[in-house]
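Letters go in sequence order (proteins before strands), and every chain restarts at 1.
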2 protein chains.
Amino acid sequence: MCVTPLGPDLLFKTLADPTRRALFERLCREGEQTVGALTARAGVSQPAVSKHLGVLRDAGLVSDRHAGRQTHYRALPGALAPLVDWTSQMAGFWERRFDDLEDLLKRMDQ
Amino acid sequence: MCVTPLGPDLLFKTLADPTRRALFERLCREGEQTVGALTARAGVSQPAVSKHLGVLRDAGLVSDRHAGRQTHYRALPGALAPLVDWTSQMAGFWERRFDDLEDLLKRMDQ
DNA sequence: CTCACACATAACTCGCCGGTTATGAGAAAA
DNA sequence: TTTTCTCATAACCGGCGAGTTATGTGTGAG
């Protein structure tokens, strides 16, 4: 229900759980899947899978499509963009500090 | 205590906490910091900061350097590599499925 | 030696979250 | 309509983890 990325916070929290991240990985690798198909190899009960998929949907990582009495979920890897931005930012800060004296100055006054 | 990356699992768990991720961000942006300097603007108590730094160290994201009676921590952004790998893998699977018929076939038999 | 300081660890509390079983909603099948 | 199937929701439980205060450890200062 949220198309605009919410920053890395919700993304990290959502992907921190192994079971939930495994579900997202399967949807990325194998494409659209029904809840039943996902549950069959998830190692947890069907309500657990449904709840995880709901969390993934709230984070914008998956979308659901209703067809008859079964629901198909698909991954939306574009939602990973804030993660990529954050990591490249952190790496960027690191490289940038090679050029200036910030590091040395900080170590001197403290 | 672990120089070899442990995959994205520990990394996601470690960075899921906002306080802990903020500490890592500060170390990336501002360079090496003492525990006291970090505690001053962390919003939590000093033991909490020490514990967070320990978790970050166990994940290989920071290193500590003892100087007199104070400990300096610095970020090791190279430890983010498994995160970058994982995200690019997920994006890769997504793009790859544009070319072949995997998606269509899956939707047909199920 | 004694004291003060910086940080780590111990011990504990408490809220959150992932798991379960039970039940509800809704659509296809009989 | 009645039954059966797929999925979502409700209600509850247990454990983990982030926070606290209190204390330990080690180093520089007096």
Side-chain angles (χ1 to χ4, degrees), chain A residues 1 6 8-27 32-59 61-75 106-110, chain B residues 1 6 8-27 32-59 61-75 106-110:
Chain A
M1 232 3 117
L6 296 180
D9 206 290
L10 183 60
L11 241 39
F12 271 116
K13 280 192 191 302
T14 301
L15 296 172
D17 182 72
T19 305
R20 191 157 50 221
R21 195 172 61 255
L23 286 171
F24 180 70
E25 281 192 35
R26 281 192 56 191
L27 289 175
E32 203 176 69
Q33 302 268 342
T34 68
V35 178
L38 290 169
T39 301
R41 297 193 294 161
V44 293
S45 65
Q46 173 265 315
V49 173
S50 280
K51 197 186 291 186
H52 280 307
L53 291 171
V55 175
L56 287 169
R57 178 167 38 80
D58 291 349
L61 286 165
V62 300
S63 69
D64 56 344
R65 176 176 66 88
H66 297 274
R69 51 182 171 182
Q70 52 192 4
T71 310
H72 299 259
Y73 282 87
R74 70 161 52 229
K106 261 209 163 37
R107 218 176 306 176
M108 283 176 63
D109 63 22
Q110 180 56 295
Chain B
M1 227 12 114
L6 296 181
D9 206 292
L10 183 60
L11 242 38
F12 272 117
K13 280 192 192 302
T14 300
L15 295 172
D17 182 72
T19 304
R20 192 157 50 221
R21 195 172 60 256
L23 286 172
F24 179 71
E25 282 191 35
R26 280 192 55 191
L27 289 176
E32 203 176 67
Q33 302 268 342
T34 69
V35 178
L38 290 169
T39 302
R41 295 193 294 162
V44 293
S45 66
Q46 174 266 316
V49 172
S50 280
K51 197 186 293 187
H52 280 306
L53 291 171
V55 175
L56 287 169
R57 178 168 37 80
D58 291 348
L61 286 165
V62 301
S63 68
D64 54 345
R65 175 176 68 87
H66 298 274
R69 51 183 172 183
Q70 52 193 3
T71 310
H72 298 259
Y73 282 87
R74 71 160 53 229
K106 260 207 163 35
R107 219 176 306 177
M108 284 175 62
D109 64 21
Q110 180 56 296

Counting any heavy atom closer than 4.0 Å, what does A/His66 reach on the DNA or RNA strands: base, sugar-phosphate only, or nothing? nothing
For B/Arg65 and B/His72, indicate whether the former's side chain and the latter's backbone hold a donor-acceptor pair under 3.5 Å. no
Over how many whole Å does the gap from B/Arg65 atom CZ to D/dT27 atom P extend? 16 Å
Within a strict 4.5 Å, meaning less than it, do heavy atoms of the A/Leu27 and A/Gln33 side chains meet? yes
Give the C-alpha distance, both sets of side-chain angles, the deciding distance and a yes or no for side-chain contact (heavy atoms from CB on, under 4.5 Å) between A/Leu53 and A/Arg57. CA-CA 6 Å; A/Leu53 291 171; A/Arg57 178 167 38 80; over 6 Å; no
DNA chain C nearest-nucleotide lookup for A/Gly68 and A/Val44: closer to the 5′ end is A/Val44
Which part of the nucleic acid, if any, lies within reach of B/Thr19 when heavy atoms closer than 4.0 Å are counted: base, sugar-phosphate only, or nothing? sugar-phosphate
Here the distance between atom P of C/dC17 and atom CG of A/Leu15, to the nearest Å, is 15 Å
Check step by step if side-chain contact (heavy atoms from CB on, under 4.5 Å) holds for B/Thr14 and B/Arg20. CA-CA 7 Å; B/Thr14 300; B/Arg20 192 157 50 221; 3.9 Å; yes
Take the protein atom CG of B/Asp58 and the nucleotide atom C1' of D/dG17, then report the distance between them rounded to whole Å. 14 Å
Heavy-atom donor-acceptor pair, A/Gln46 side-chain to D/dA8 base, under 3.5 Å: yes
Counting only side-chain heavy atoms from C-beta out, which of D/dC7, C/dA10, C/dT20 sits nearest to B/Pro47? C/dA10
In this structure, how many angstroms lie between the C1' atom of D/dA18 and the NZ atom of A/Lys13, rounded? 10 Å
May I have the distance from A/Arg20 (atom CZ) to C/dG18 (atom C1'), rounded to whole angstrom? 8 Å
Atom-to-atom span, CG of A/Leu38 to C1' of D/dA8 - whole angstrom: 15 Å
Looking at every strand, decide which applies to B/Ser45 at a 4.0 Å heavy-atom threshold: base, sugar-phosphate, or nothing. base
What do the steps show when you test A/Val55 against A/Leu61 for side-chain contact (heavy atoms from CB on, under 4.5 Å), and what is the final call? CA-CA 9 Å; A/Val55 175; A/Leu61 286 165; over 6 Å; no
To the side chain of A/Thr71, which of D/dC7, C/dC7, D/dT20 is closest? D/dC7
Rounded to whole Å, how long is the line connecting atom CG of A/Asp64 with atom C1' of D/dT6? 14 Å
Nucleotide nearest A/Lys51 (side chain, heavy atoms from C-beta), chosen from D/dG19, D/dA11, D/dA8: D/dA11
Under 3.5 Å, is there an N or O donor on one side and an acceptor on the other linking the side chain of A/Arg69 and the base of D/dC5? yes
If you check the A/Tyr73 side chain, which of C/dA8, D/dA8, C/dG19 turns out closest? D/dA8
Whole-Å gap separating P (C/dT20) and NE2 (A/His52): 9 Å
